[in-house]
J.: 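Handing you a structure now.
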Amino acid sequence: MTPLSKRFTAYGSAVLLVVASLTAATAAAATAATAPAVARSQELCGPGSAIKFNRGAFPSRPEIDNKWFPLEPGMQYTTTGKVVSPDGTTTRKVVSTVTGLTKVIDGVKTIAIWDRDYSDGELAESELAFFAETRKGDVWLFGEYPEEYENGKLVGAPSTFISGIDKAQAGIAMQSHPRLKTPAYPQAYAPSVDFLDCGDVFAKDQRVCVATGCYSDVLVIDEFNPLDPPSAGHQRKFYSKHTGLIKVTAVGGEDQEFLNLVKIKKLSRSELKSVNEQALQIDRRGYTVSKDVYAKTPRAEVARGYDGHHYH
């Protein structure tokens, strides 16, 4: 996870825990699963923006088919562009892969997305992000484990946040029916790492052309962080039906990011298996890199009942 002006989450060496940590994680998961739904009333993004989280609204088997934010395991999206800052311009490439892994967070079974973020050709961040969709079609972000790299070496994951831990709260990554002139909504909130993304429906039915084609049904979401100074600016994210994120632009701010979707790929079964194995390694590593946060979660696992297209 990088600052908002540089952050792109479209969609996100194993060391085992000691037995005591596993027991604590299992107990925490059981408590979360049986706890009542929690309504979180703080209006983080302005009037009408209170988080209304209800774990009972999510199905037991995760599947994300929101037309603006589809996350089908095995799909991989590559975006490229640049970040312009007072110090100069850097090239950017983000490879987002929908894994076949699930992980229970805050009592909800989520799908794991693996994002790899390259700056000037070098890996800067490798992140697992966790999403789930309610029965009504809202997609929620439940947390992120972003490993940071410098000169090819892992230096930590200090910006990790997980809903239900250290007062972090899940938020809506994409509404089921985005409408103009409605209140902004929190996409997630984690006060311990100063993370707050707010989304506001800015425009609909726009025409946008990128390397993967021209789209005439584009939804534009304006993203901002009320905790940041005005100099931070806003991001605009462009979504097309049944494709998802196709473009990112900046409005104001010292660090401005511009990205375009350049490739969409459906992984083969063997490729998805390899991705799952790599993502599981990242998940396991998180238990030692982020002992105070990530280590408190149940282990990720390969989804049961997934046939390569749907969960059963």
Side-chain angles (χ1 to χ4, degrees), residues 1-12 40 42-53 64 66 68-69 71 79 83 92 94 96 105-106 110 113 115 117 125 127-134 138-146 148 157-176 178 182-203 219-239 244-245 247-259 293:
M1 180 181 67
T2 53
L4 178 61
S5 59
K6 297 182 180 179
R7 180 174 172 271
F8 175 84
T9 300
Y11 317 104
R40 295 155 176 170
Q42 189 176 3
E43 294 188 331
L44 298 163
C45 302
S49 67
I51 295 176
K52 298 178 180 179
F53 172 67
I64 299 177
N66 179 301
W68 300 108
F69 205 88
L71 296 178
T79 58
V83 176
R92 189 90 185 277
V94 180
S96 296
I105 296 179
D106 212 350
T110 68
I113 311 303
D115 288 345
D117 189 339
E125 185 176 279
E127 172 185 280
L128 293 181
F130 304 95
F131 298 86
E133 183 176 323
T134 67
D138 295 321
V139 180
W140 286 63
L141 170 63
F142 278 79
E144 298 176 348
Y145 169 64
E148 299 177 8
S159 298
T160 300
F161 74 91
I162 296 293
S163 182
I165 299 175
D166 289 344
K167 300 182 180 179
Q169 300 178 34
I172 296 177
M174 179 59 70
Q175 298 171 318
S176 57
T182 55
Y185 52 91
Q187 296 177 321
Y189 177 49
S192 64
V193 294
D194 296 324
F195 179 92
L196 173 59
D197 272 359
C198 296
D200 190 14
V201 181
F202 181 78
L219 166 72
V220 185
I221 303 295
D222 183 78
E223 290 191 359
F224 60 97
N225 184 347
L227 303 179
D228 285 342
S231 60
H234 288 210
Q235 276 190 329
R236 297 267 167 84
K237 293 186 177 179
F238 298 71
Y239 299 85
L245 186 66
K247 187 179 184 71
V248 179
T249 64
V251 179
E254 294 182 349
D255 297 316
Q256 298 187 334
E257 179 182 59
F258 303 90
L259 295 169
V293 180

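Treat the numbers as computed from the prediction; the structure is a model and nothing was measured.
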J.: Nearest 0.5 Å, please: how far is CE in Met174 from CG in Leu141?
T.: 12.5 Å

J.: With a 3.5 Å distance limit and no angle check, can you tell me whether Glu43 reaches the backbone of Gly48 through a side-chain donor-acceptor pair?
T.: yes

J.: Closer than 3.5 angstrom, by distance alone: can the side chain of Asn225 be matched with the main-chain N or O of Leu196 as a donor-acceptor pair?
T.: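 Side chain of Asn225 to backbone of Leu196: a pair is present.
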
J.: Mind checking the CZ-OG1 spacing from Phe238 to Thr249? Nearest 0.5 Å is all I need.
T.: 4.0 Å

J.: I need the minimum non-hydrogen distance between Thr182 and Asp200, along with the two atoms involved.
T.: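 Scanning both residues completely, I find the closest heavy atoms to be O-OD1, 3.7 Å.
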
J.: If you round to the nearest 0.5 Å, how far is CG of Asp197 from CD of Gln235?
T.: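 Separation between the atoms: 7.5 Å.
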
J.: Which heavy atom in Tyr145 sits nearest to a heavy atom in Thr160, and how many Å separate them?
T.: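 Residues Tyr145 and Thr160, closest heavy atoms: CD1-OG1, 3.3 Å.
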
J.: For the atom pair OG1 (Thr110) and CZ (Phe131), what is the distance rounded to the nearest 0.5 Å?
T.: 9.5 Å

J.: May I ask you to test the Pro158-Glu148 pair for a side-chain heavy-atom distance under 4.5 Å?
T.: yes

J.: Would you name the heavy atoms of Ala173 and Tyr185 that are closest together and state the gap between them?
T.: O-OH, 4.4 Å

J.: Kindly give the heavy-atom pair with the smallest separation between Leu219 and Pro178, and that separation in Å.
T.: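 It is CD2-CG, 3.7 Å.
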
J.: Once side-chain contact (heavy atoms from CB on, under 4.5 Å) is applied, do any residues pair with Thr134, and if so which ones, sequence neighbours excluded?
T.: Ala57, Phe58, Lys136, Asp138, Trp140

J.: Can you tell me how far CD1 of Ile221 sits from CH2 of Trp68, rounded to the nearest 0.5 angstrom?
T.: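 Going from CH2 on Trp68 over to CD1 on Ile221, the span is 9.0 Å.
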
J.: If every non-hydrogen atom of Ser49 is compared with every non-hydrogen atom of Ala184, which pair is closest and at what distance?
T.: CB-O, 3.1 Å

J.: Answer yes or no: does atom CZ of Phe202 have more than 12 heavy-atom neighbours from other residues, nucleotides or ligands under 6.0 Å?
T.: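 Result for CZ/Phe202: open.
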
J.: Tell me whether the rings of His234 and Phe224 are parallel (<30°), tilted (30 to 60°) or perpendicular (>60°).
T.: parallel

J.: Please report the closest heavy-atom contact between Ser176 and Asn66, naming both atoms and the distance.
T.: CA-ND2, 3.7 Å

J.: What distance do Phe195 atom CZ and Gln187 atom CD have between them, rounded to the nearest 0.5 Å?
T.: 7.5 Å

